[in-house]
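One structure is given below, encoded as C-alpha cells.
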Amino acid sequence: MIKKVDHIGIAVKSIEEASKFYEGVLGQKISGIEPLSSENLKTAFIQIGDVEIELLEATSSDSPVAKFIEKKGEGIQHIALEVDDIKASLEELKSKGVRLIDEVPKTGAEGSKIAFVHPKSTNGVLLELCQK
C-alpha cells in the first residue's frame, strides 16, 4: 500500500519569508509556487534527497492552513505517504475502521491525487495519501 514518505507539509505564514531560511540559510532551491484555489492556499516544494518539503501558505483566513497556524503556529502540518492506488488504499483504511477526512481523492499540488486521514486515527498526525 505505502511506497514511501513523499513529503512533509509545513504551514508557514509566508512562503517568501520561509524561503529566506530554506534558500538563504540551508541553500536549498524552492521550486515554483503553485496556487491551489480549491484549498485556499499556495504551495512550494523543496527537494531534499528522496523527500520533499512542502511549504503551505494560506490565501484565505478560513483555510485549513490558516486555522492550523492560528491554533498551533507555524510548523509541521502533515506527512504525506505515496501510494500506488489511492482509491484502494482509502477503501482498505475505511474497512479497518480508520477515520478519513476525504473518502474520495481530490487533486492536490503538482496534479497528484490526494486524500487526508483524520489525526484521531493516527495518534494525532495528519496523514496525506498521495498518488502521483
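None of the values given here were measured: they were computed from a predicted structure.
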message: Would His78 and Leu56 count as a side chain to side chain contact (heavy atoms under 4.5 Å, CB included) here? Give the steps.
response: CA-CA 10 Å; His78 71 271; Leu56 306 157; 3.6 Å; yes

message: Would Glu74 and Lys13 count as a salt bridge (charged side-chain N to carboxylate O under 4.0 Å, His left out) here? Give the steps.
response: CA-CA 7 Å; Glu74 294 179 292; Lys13 291 178 182 175; 5.1 Å; no

task: Show your reasoning for whether side chain to side chain contact (heavy atoms under 4.5 Å, CB included) applies to Asp84 and Lys3.
output: CA-CA 7 Å; Asp84 286 320; Lys3 293 172 65 172; 2.8 Å; yes

- request: Could you please spell out the steps behind the side chain to side chain contact (heavy atoms under 4.5 Å, CB included) verdict for Glu103 and Leu100?
  value: CA-CA 6 Å; Glu103 293 191 15; Leu100 303 174; 4.1 Å; yes

- prompt: Where do Val117 and Val98 land on the side chain to side chain contact (heavy atoms under 4.5 Å, CB included) test, with the steps shown first?
  reply: CA-CA 8 Å; Val117 179; Val98 174; 3.5 Å; yes

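In this structure the side chain of Pro105 reaches within 4.5 angstrom of the side chain of Lys87, judged on heavy atoms. Proximity of Ile33 to Thr43: side-chain heavy atoms (C-beta onward) are nowhere separated by under 4.5 Å. Using a 4.5 Å heavy-atom threshold, the side chains of Tyr22 and Ile10 count as touching.
Under a cut-off of 6.0 angstrom, the local environment of CD1 in Ile76 is sparse, with at most 12 non-hydrogen atoms contributed by other residues, nucleotides or ligands. Within a 6.0 Å sphere centred on NZ of Lys132, heavy atoms belonging to other residues, nucleotides or ligands number more than 12. Within 6.0 Å of the CD atom in Glu16, the count of heavy atoms belonging to other residues, nucleotides or ligands does not exceed 12.
To the nearest 0.5 Å, the span separating OG on Ser19 from CG on Leu26 amounts to 11.5 Å. Gln131 contributes atom CD, which lies 5.5 Å from atom CG of Asp85 (distance to the nearest 0.5 angstrom). Rounding to the nearest 0.5 Å places CD of Glu128 at 8.5 Å from CD of Gln77. With rounding to the nearest 0.5 Å, the separation of NE2 in His118 from CG in Leu93 is 14.5 Å. Residue Asp6 holds its CG atom at 6.0 Å from CD of Glu52, rounded to the nearest 0.5 Å. Residue Ile8 holds its CD1 atom at 8.5 Å from CD1 of Ile48, rounded to the nearest 0.5 Å.
Remark: side-chain polar atoms of Ser112 are not paired, donor with acceptor, to backbone N or O of Cys130 under 3.5 angstrom. The closest donor-acceptor contact from the side chain of Gln47 to the backbone of Gly49 lies under 3.5 Å.
Pairing each heavy atom of Gln28 with each of Ile46, the nearest pair is CB-CG2, 3.5 Å. In terms of heavy-atom proximity, Lys113 sits nearest to Ile86 at O-CD1, 3.4 Å. A pairwise comparison of heavy atoms in Gly111 and Thr107 identifies CA-CG2, 4.2 Å as the closest pair. Of all non-hydrogen atoms in Ala66 and Ser61, the two that sit nearest each other are CB-O, 3.5 Å. The two atoms that bring Leu55 and Ile15 nearest to each other are O-CD1, 3.9 Å, heavy atoms only. Residues Leu41 and Thr59 come closest through the heavy atom pair N-OG1, 3.2 Å.
Under the 4.5 Å side-chain heavy-atom criterion for Ile, Leu, Val, Met, Phe, Trp and Tyr, Val83 and Val104 are members of distinct hydrophobic clusters. With hydrophobic clusters built from ILVMFWY side chains whose heavy atoms lie under 4.5 angstrom apart, Ile30 does not share a cluster with Leu36.
A salt bridge links Glu17 and Lys20; the closest N-O separation between the charged side-chain nitrogens and carboxylate oxygens is under 4.0 Å. Note on Glu92 versus Lys96: salt bridge recorded, some NZ/NE/NH1/NH2 to OD/OE distance being below 4.0 Å. Using a 4.0 Å cut-off between charged side-chain N and carboxylate O, Lys4 and Asp50 make no salt bridge. In summary, Lys42 and Glu34 do not engage in a salt bridge, as defined by a charged side-chain N under 4.0 Å from a carboxylate O.
Residues Ile101, Ile114, Leu126 make up the rest of the hydrophobic cluster containing Phe116, defined by ILVMFWY side-chain heavy atoms closer than 4.5 Å, directly or through other members.
The ring-ring contact (aromatic ring centres under 6.0 Å, His included) contacts involving residues 42-74 comprise His7-Phe45, where partners must be two or more places apart or lie in separate chains.
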